[in-house]
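Comments concern the structure below.
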Amino acid sequence: MRALEFLVEAQEKLDSDEFKQILTAGVVSLGNLFHKNGFELRIVGGAVRDLMLGKLPKDTDLASDATPDEMVEMFEKGKIKYIPTGLQHGTITAVINDEQLEITTLRADTEHTGRHATVEFIRSWEEDAKRRDLTYNAMSLDLDGTVYDYFNGANDLQDKVSKFVGDPIQRIQEDYLRILRYFRFQGRIDNPTWEKDTLDAIKNNAKGLTQISGERIWMEMQKILLGKNVKDILVHLEKTGVTKNINLPLDDIALAEKVSTMQSPIVPLASLMRNTNDVDAIVNSWKLSNAETQLLAFLTMHKNTPLTQQSAEEFLVDETHQYFVYALAKMQDKDTIANHIKNWEVPEFPVAGKDLISVGVKPGPNMGALLTKLRDEWKTKNYKPSKEDLLKDLAPEGGVEPPRPAKDTG
């Protein structure tokens with residue numbers, strides 16, 4: 001937070017190593033071109049927020065006061081390759097030295113219909129910033145390192161609080177998904193502050209989330225469940241009525257936070273499921289994929305049954321995916337078992353249907369039952385019996401005699 005404190009107190013330019021890293025040759029070249037033609041080019045959105053926190057952004061979003069037509073004219077004169085990514089929305093991609101740089105024209109919303117807004121191109125950076133959701137996402141940064149902060153986003157970052165730009169009720173009603181975005185960004189801050197006015201605005205508008213598609217809710221919830229402060233966030237999701245309006249149960253929020261470091265958001269989600277009915281409701285509501293559904297169902301079904309090394313091995317032998325069993329072990333705080341199955345070489349059951357046929361078993365339901373019986377015996381003996389060992393015992397136990405040698409007719 002040192003770079004942020006310095007900027008808030010001294011209002012100096014940003015000059016961090018992370019900022020220098022994103023000033024690639026392509027970005028600098030593009031900035032010079034815009035400046036030469038009388039336009040500004042700035043870094044905007046989450047990249048500025050991350051840089052202020054001393055983090056290297058994953059993506060660098062660029063914006064300009066040049067219209068799409070003006071950008072096309074510039075690129076054609078400068079013989080710069082470009083891709084008309086979304087001209088109607090004001091977005092165009094310049095290609096410089098194989099580096100693709102997406103630039104969006106400043107915009108103002110003129111009409112909102114749910115998640116969709118009618119926009120017009122503008123020249124005002126402050127007006128464009130008013131479209132953003134949270135104050136620290138509304139900052140912009142020129143290529144000289146000057147930070148433009150119209151809504152005190154830097155102070156909010158320093159105070160560890162997320163605030164909507166302007167009137168929180170208006171921002172939320174423009175797009176109800178911003179409620180979950182608010183909680184998601186609270187999950188990026190260490191020990192965040194919870195502002196009453198913001199929480200009240202969310203509580204009074206939480207029902208609007210029922211208008212949002214399940215797929216988009218799941219996209220945000222994945223990031224929340226893999227972020228920081230999961231327990232605290234889930235508590236506030238319940239207090240504001242959000243959980244009720246997105247159909248999210250809350251079985252074990254402490255466990256959800258503990259396993260929020262797992263690779264898959266399904267693991268903390270399973271911690272919140274009470275039973276298979278909850279699983280079915282979430283799957284149908286949020287449109288989970290088949291793979292996500294299978295993992296969620298497995299973890300919910302078995303999370304309260306103590307896992308042993310033997311039962312973990314049996315899951316793997318029965319072709320349960322290794323990550324399923326690993327995640328279950330981590331949920332039950334059994335790191336020894338988790339580490340064991342990561343490195344355990346799964347033995348392969350040595351008997352197949354063709355082996356039974358070779359000793360005289362006829363295909364049919366009895367064959368399946370016999371294979372199951374042999375597999376259970378193989379498990380009981382710690383996967384050690386070979387094919388020969390298992391088939392050797394087949395005749396007396398299964399009533400099947402091995403084939404006799406062909407009679408010599410010579």
Side-chain angles (χ1 to χ4, degrees), residues 45-46 86 88-91 104 107-120 128-138 151 162-188 194-227 230 232-250 253 256 265-266 268-269 272-274 277-289 292-293 296:
Q88 70 273 28
H89 303 297
T91 302
T104 300
R107 297 174 293 176
D109 295 338
T110 58
E111 182 181 352
H112 279 275
T113 55
R115 280 196 50 79
H116 303 286
T118 302
V119 300
E120 64 177 356
D128 179 84
K130 287 179 181 179
R131 300 178 63 249
R132 309 281 173 169
D133 50 5
L134 302 173
T135 58
Y136 48 64
N137 290 336
F151 305 105
S162 300
K163 292 182 181 179
F164 288 103
V165 172
D167 179 7
I169 295 176
Q170 181 182 346
R171 289 285 84 75
I172 290 170
Q173 290 180 351
E174 287 170 353
D175 180 1
Y176 289 104
L177 193 66
R178 285 175 171 168
I179 291 175
L180 294 184
R181 281 177 57 82
Y182 163 82
F183 285 106
R184 189 229 299 180
F185 284 110
Q186 285 286 80
R188 292 188 176 184
W194 299 91
E195 187 188 52
K196 184 179 184 301
D197 289 348
T198 302
L199 292 175
D200 286 344
I202 290 172
K203 185 175 183 178
N204 293 331
N205 288 276
K207 191 174 181 180
L209 284 165
T210 59
Q211 302 175 26
I212 304 297
S213 72
E215 293 92 336
R216 296 196 63 84
I217 288 174
W218 176 224
M219 285 177 65
E220 291 296 327
M221 285 304 304
Q222 290 180 63
K223 297 168 186 174
I224 289 172
L225 292 170
L226 293 182
V230 170
D232 202 12
I233 288 173
L234 290 171
V235 167
H236 284 88
L237 284 172
E238 183 176 36
K239 285 181 177 179
T240 54
V242 171
T243 51
K244 179 177 67 175
N245 285 287
I246 63 173
N247 301 315
L248 178 65
L250 296 178
I253 61 176
I266 293 294
L269 181 61
L272 305 177
M273 300 294 105
R274 294 163 300 197
N277 289 334
D278 285 346
V279 172
D280 293 340
I282 282 290
V283 168
N284 293 329
S285 177
W286 294 0
K287 312 300 181 186
L288 270 59
S289 69
E292 291 169 336
T293 299
L296 183 62

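The first residue of the sequence shown is numbered 1, and numbering continues consecutively from there.
No side-chain heavy atom of V165 sits less than 4.5 Å from a side-chain heavy atom of D133. Side-chain contact between F164 and Q170 is absent, with no heavy atoms from C-beta onward closer than 4.5 Å. Y136 has its side chain within reach of F185: a pair of non-hydrogen atoms, C-beta onward, lies under 4.5 Å apart. In this structure, the side chains of F151 and L134 stay at 4.5 Å or more apart for every pair of heavy atoms. No side-chain heavy atom of L180 sits less than 4.5 Å from a side-chain heavy atom of I212. Using a 4.5 Å heavy-atom threshold, the side chains of W218 and I282 count as separate. Annotation: side chain of Y182 is in contact with side chain of L199 (closest heavy-atom distance under 4.5 Å). Contact annotation: the side chain of I202 approaches that of V242 to within less than 4.5 Å [non-hydrogen atoms, C-beta and beyond].
Put simply, CE on M219 and CZ on R184 are 8.5 Å apart, with the number rounded to the nearest 0.5 Å. The distance from atom CD of E174 to atom CZ of R131, rounded to the nearest 0.5 Å, is 9.0 Å. In this structure, NZ on K163 lies 9.0 Å from CG on D197, to the nearest 0.5 angstrom. We find the CZ-CD1 distance between F183 and I179 to be 7.5 Å, quoted to the nearest 0.5 Å. Distance check, rounded to the nearest 0.5 Å: CD1 of I233 to CD1 of I253 gives 11.5 Å. Rounding to the nearest 0.5 Å places CE of M273 at 9.0 Å from CD1 of I266.
A donor-acceptor distance shorter than 3.5 angstrom exists from the side chain of W286 to the backbone of I246, with no hydrogens or angles considered.
With sequence neighbours excluded, no residue forms a side-chain hydrogen bond (donor to acceptor under 3.5 Å, both in side chains) with R107. Here D280 pairs with nothing under the salt bridge (Lys or Arg N to Asp or Glu O under 4.0 Å) rule; sequence neighbours left out. With sequence neighbours excluded, no residue satisfies salt bridge (Lys or Arg N to Asp or Glu O under 4.0 Å) with E292. Every side-chain hydrogen bond (donor to acceptor under 3.5 Å, both in side chains) that T135 has, sequence neighbours left out, goes to D156. Not counting sequence neighbours, E238 has no partner by the side-chain hydrogen bond (donor to acceptor under 3.5 Å, both in side chains) test. Shown here are the side-chain contact (heavy atoms from CB on, under 4.5 Å) partners of K207, two or more places apart in sequence or in another chain: T210, N245.
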Applying side chain to side chain contact (heavy atoms under 4.5 Å, CB included), run through M221 and L248 and close with a yes or a no. CA-CA 10 Å; M221 285 304 304; L248 178 65; 3.9 Å; yes
Please report the C-alpha distance between E215 and K287 in whole Å, then the side-chain angles of each, then the deciding distance to 0.1 Å, and finally whether the salt bridge (charged side-chain N to carboxylate O under 4.0 Å, His left out) criterion is met. CA-CA 6 Å; E215 293 92 336; K287 312 300 181 186; over 6 Å; no
What do the steps show when you test L272 against L234 for side chain to side chain contact (heavy atoms under 4.5 Å, CB included), and what is the final call? CA-CA 10 Å; L272 305 177; L234 290 171; 3.9 Å; yes
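Of all heavy-atom pairs between P168 and A201, the closest is CB-CB, 3.9 Å. Contact detail for G46 and N137: the closest heavy-atom pair is CA-OD1, 4.3 Å. The minimum heavy-atom distance linking R132 with G45 is given by the pair NH1-CA, 4.1 Å. Pairing each heavy atom of L209 with each of I217, the nearest pair is O-CD1, 3.8 Å. In this structure, A256 and P268 approach most closely via the heavy-atom pair O-CB, 3.5 Å. The shortest non-hydrogen separation linking G166 to R171 is CA-NH1, 4.3 Å.
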